Structures are given as structure tokens and as C-alpha cells.
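All values derive from a computational prediction rather than experimental measurement.
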Amino acid sequence: MRSTGAALCATAMTILGSSFPVTGQLTGYPALPAQAARYLIAAALLWALVPRTGGRGPNGPDLLRLAGLAATGLVAFNVCVVETLRHAQPAVLGTMVGGAPLVLSVLGPAFSGRRPSTRIVGSCAIVVAGIALVQGGGHTSAAGLWWAFGALAGEVFFSLLAAPLLTGLGPVRVSAWACSLAVPELVIAATVTGGWRGLRVPTVTEAAALAYLGVVLTVVAFVCWYGGLRRLGVERAGMFAGLLPVASLAGTALIDRVTPAPAALLGTLLVTAGLAAGLSNWRATPSRTVPQTRTMTQTQTQTMVPEECATPVDQAERSAARTRSA
């Protein structure tokens with residue numbers, strides 16, 4: 001399950017990182033209408049998948065959380081990405097958003113009432129140091145720096161607000177609801193801010209970018225990320241955000257035909273080392289066996305995950321075991 005979670009998170013972050021040059025193709029198009037079209041496309045595709053997946057429908061508190069997720073992790077994040085690219089080089093965006101692993105390694109456990117793991121925080125610090133080397137800073141204005149910080153906040157909320165919903169609703173349903181709620185939020189924001197000004201038929205390049213963002217970045221990457229997040233937990237899934245700038249570097253190198261600098265290659269090695277340190281510690285943590293209910297003449301046991309390494313799925317399974325033994 002955890003190797004699958006790691007593969008899903010790595011896939012999602014690779015898609016996101018390589019999408020920044022694609023998003024740059026939309027800097028000349030009205031940002032809010034473009035994102036509304038993107039999420040409308042994604043919502044239609046995701047709702048077509050919902051009947052084939054498990055999970056329940058959201059209740060009132062779930063809908064409030066989903067609305068907050070859509071407002072911060074989708075609407076605000078993507079507006080901040082587009083505005084950052086207007087005022088700064090992509091490296092600035094990648095470096096700032098690449099700080100998400102360190103933020104999530106602290107806030108993830110805090111939101112669950114646990115202490116942050118020193119080992120995980122240290123591993124994330126290595127990842128962030130590698131990110132800084134990969135991106136090399138880049139040039140920006142003060143406005144670009146603030147927009148990039150907003151993108152970081154959106155990236156963090158995209159995981160923190162969704163994590164408690166994934167066990168009950170499932171990755172596809174959470175993604176479908178988030179995209180659906182993002183569309184009216186974007187329409188309202190465009191109306192209030194005058195975002196409809198300059199609206200026109202997109203060029204072929206812009207239409208292709210919108211299609212890519214709607215189908216690949218939203219449908220595929222969202223489901224992959226939330227599937228991995230449900231398996232790994234916030235702090236460990238967050239480490240994979242370190243792959244974002246590496247993928248961004250590779251995408252930029254391919255599109256612009258630029259050879260990465262030695263410092264960027266060193267940074268890639270640091271990101272890899274940080275991921276390996278965090279995940280190897282998790283897998284190496286010894287498990288313990290606890291007795292469960294005696295059924296008929298057979299005693300069953302269950303291998304439990306240590307509390308500090310528990311993920312939402314582990315916690316749900318543990319709760320079910322306690323209910324059966326009650």
C-alpha cells in the first residue's frame with residue numbers, strides 16, 4: 001500500500017512540476033475565466049468516474065471543508081501561480097512552493113494532535129535545501145514574491161484540508177467536489193474583480209494548455225495525489241513536493257533546450273537523499289503485534305503501525321479493530 005502511495009505522490013508532483021511551463025502559456029489570457037474553464041472540464045470528467053468508486057457523499061461539515069479547499073488549494077493557488085509568472089521567473093515559483101514539505105511536516109502532525117517527527121522534519125529540510133539549489137532563486141519583484149508565497153499557502157491547504165475527507169469520501173469524490181465548487185467561486189471572483197475583461201476565444205496554444213491543465217494536471221494529478229495522501233499521511237506525502245522543482249527544471253530544459261547547471265544537478269541529488277531518508281526511516285520502523293478478539297478457537301493478531309507513523313487509513317483500520325473487540 002505504501003509503495004503504491006509513494007508512486008502516486010511522485011506521479012502527481014511530476015505532473016505538477018512539468019506543468020509550470022504550460023501554465024506560462026496562459027499569462028496573456030484572463031486568469032479567472034481560464035481556471036473556471038479548466039475546472040469545469042475536470043469536474044465533468046471526475047463526476048463520470050464517481051459511480052465507479054467507493055465512498056459516501058459529503059455531509060454539512062464536509063461541504064464547508066470542501067469549499068475551503070476549493071477556495072484556497074484550487075482557486076487561490078492557481079491565481080497565485082499565474083500572477084507569480086507575470087512578475088517573476090518560474091524558478092522563484094518552484095523554490096517557494098518547494099517549501100511545502102517543511103511546512104507540511106510540521107502542520108500535518110499538529111492538525112492531527114501529534115508531535116512533528118524530528119527525523120521527518122530533518123528529511124524535509126534536506127529536500128528544501130535541494131530545491132533551493134535546483135531553482136537557484138531566480139529574479140522577482142516584490143509582487144512576485146508575495147504571489148509566490150500565496151501559491152505556497154495554497155499548496156499546503158490543498159493537502160491539509162483534504163486529508164480528513166479522503167478515508168470517507170475517497171480521492172475521486174473529493175476531487176470532483178473540489179473542482180465543482182471551484183467553478184462558481186471563480187465566476188464570483190471574476191465578476192467582483194472585473195476578471196471577465198479581455199475575455200476572448202483562446203488561441204490554439206492557449207486551448208491546448210487549458211485542455212492539458214484540465215485533464216492531465218487536474219483529473220490525473222489530483223486523483224494520484226489524494227490517493228497517495230490517503231496512504232502515506234500528510235507529512236510523508238508532503239516530502240514528494242520536493243520532486244516538483246526537479247520536474248519543473250526538466251520540463252523547462254526540454255522546452256527551452258537548456259542544460260541544467262551543476263548546482264541544479266546537486267540539488268536533485270539532495271532532494272532524492274531527503275526523500276530516501278524520510279521514507280527509509282518509516283519503512284525501517286519496527287512494528288508491534290497486539291492481541292485482538294478471540295474468535296471460536298483461534299486467536300487473531302494484527303500488526304499495528306506505530307502511533308507516530310499512523311496514516312488516516314491506519315487509523316481507520318485501528319478504529320474498526322477496536323469496535324470489533326468491544
Side-chain angles (χ1 to χ4, degrees), residues 1-2 4-6 8-9 11-13 15-16 38-40 42-78 100-101 103-114 152-186 217-241 305 309-320 323:
M1 177 182 290
R2 289 163 186 171
T4 301
L8 289 171
C9 287
T11 299
M13 285 297 108
I15 292 174
L16 176 58
R38 165 197 171 182
Y39 288 123
L40 185 61
L45 294 173
L46 286 164
W47 281 115
L49 296 175
V50 164
R52 303 181 182 184
T53 63
R56 57 172 176 80
N59 54 31
D62 292 340
L63 286 173
L64 289 176
R65 183 178 288 270
L66 286 165
L69 167 63
T72 57
L74 277 65
V75 177
F77 172 77
N78 286 284
V103 179
L104 288 172
S105 71
V106 175
L107 293 185
F111 272 51
S112 301
R114 295 180 287 113
L152 168 62
E155 177 68 15
V156 169
F157 282 119
F158 182 72
S159 296
L160 284 180
L161 293 178
L165 301 172
L166 293 171
T167 300
L169 275 63
V172 174
R173 198 180 298 270
V174 168
S175 300
W177 272 103
C179 290
S180 298
L181 291 170
V183 174
E185 290 176 359
L186 284 161
L217 178 59
T218 308
V219 176
V220 178
F222 277 28
V223 173
C224 285
W225 178 252
Y226 285 149
L229 182 64
R230 181 171 64 171
R231 290 167 171 83
L232 302 182
V234 172
E235 58 266 46
R236 286 186 172 82
M239 288 193 298
F240 285 88
V305 178
C309 296
T311 69
V313 172
D314 296 323
Q315 294 165 0
E317 292 174 349
R318 187 175 302 171
S319 175
T323 301

Undergrad: Testing the basics here: between Ala162 and Val174, what is the closest heavy-atom pair and its distance to 0.1 Å?
TA: CB-CG1, 4.3 Å

Undergrad: Less than 4.5 Å apart, side chain to side chain, heavy atoms only: is that true for Asp62 and Arg56?
TA: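 A side-chain contact under 4.5 Å exists here.
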
Undergrad: Which heavy atom of Thr4 sits nearest to which heavy atom of Arg231, and what is that distance?
TA: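 Heavy atoms of Thr4 and Arg231 come nearest at CG2-NE, 4.0 Å.
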
Undergrad: How close do Thr11 and Cys224 get, counting heavy atoms only, and between which atoms?
TA: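 So the two residues come closest at CG2-SG, 4.1 Å.
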
Undergrad: Return the set of residues passing salt bridge (charged side-chain N to carboxylate O under 4.0 Å, His left out) with Arg52 (not counting sequence neighbours), or none when no residue passes.
TA: none

Undergrad: For Leu64, which residues count as a side chain to side chain contact (heavy atoms under 4.5 Å, CB included) partner, sequence neighbours excluded?
TA: none

Undergrad: Run the numbers on Cys9 and Leu232 for side-chain contact (heavy atoms from CB on, under 4.5 Å), then give the verdict.
TA: CA-CA 9 Å; Cys9 287; Leu232 302 182; 3.9 Å; yes

Undergrad: Go through the structure and list residues passing ring-ring contact (aromatic ring centres under 6.0 Å, His included) with Tyr39, not counting sequence neighbours.
TA: none

Undergrad: Sequence neighbours left out, what passes side chain to side chain contact (heavy atoms under 4.5 Å, CB included) with Ala43? Give chain and number order.
TA: Trp47, Cys179, Ser180

Undergrad: Listing request: all side-chain hydrogen bond (donor to acceptor under 3.5 Å, both in side chains) pairs with a residue in residues 218-229, at least two apart in sequence or in separate chains.
TA: Arg38-Thr218, Ser159-Trp225

Undergrad: State which residues pass side chain to side chain contact (heavy atoms under 4.5 Å, CB included) with Ala70; sequence neighbours excluded, sorted by chain then number.
TA: Leu181, Ala182, Glu185

Undergrad: Compare every heavy atom of Val234 with every heavy atom of Ala163, then report the nearest pair and how far apart it is.
TA: CB-CG2, 3.6 Å

Undergrad: Give the minimum heavy-atom separation between Leu8 and Gly227, together with the two atoms involved.
TA: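 Closest pair (atom of Leu8, atom of Gly227, distance): CD1-C, 3.8 Å.
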
Undergrad: Quick one: do Leu152 and Phe157 satisfy side-chain contact (heavy atoms from CB on, under 4.5 Å)? Show the steps, please.
TA: CA-CA 9 Å; Leu152 168 62; Phe157 282 119; over 6 Å; no

Undergrad: Kindly give the heavy-atom pair with the smallest separation between Leu161 and Arg65, and that separation in Å.
TA: O-CD, 2.9 Å

Undergrad: Any ring pair (Phe, Tyr, Trp, His ring centres under 6.0 Å) pairs touching residues 49-69, not counting sequence neighbours?
TA: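 Found none.
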
Undergrad: Tell me which pairs pass salt bridge (charged side-chain N to carboxylate O under 4.0 Å, His left out) where either residue lies in residues 168-180, with sequence neighbours left out.
TA: none

Undergrad: How about Phe77: does its CZ atom have over 12 heavy atoms from other parts shown lying under 6.0 Å from it?
TA: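 Enclosed: over 12 neighbouring heavy atoms sit under 6.0 Å from CZ of Phe77.
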
Undergrad: Not counting sequence neighbours, which residues clear side chain to side chain contact (heavy atoms under 4.5 Å, CB included) with Leu63? List them please.
TA: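 By the side chain to side chain contact (heavy atoms under 4.5 Å, CB included) rule, Leu63 matches Pro58, Leu66, Trp177.
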
Undergrad: Does some side-chain heavy atom of Thr72 sit less than 4.5 Å from a side-chain heavy atom of Val156?
TA: no

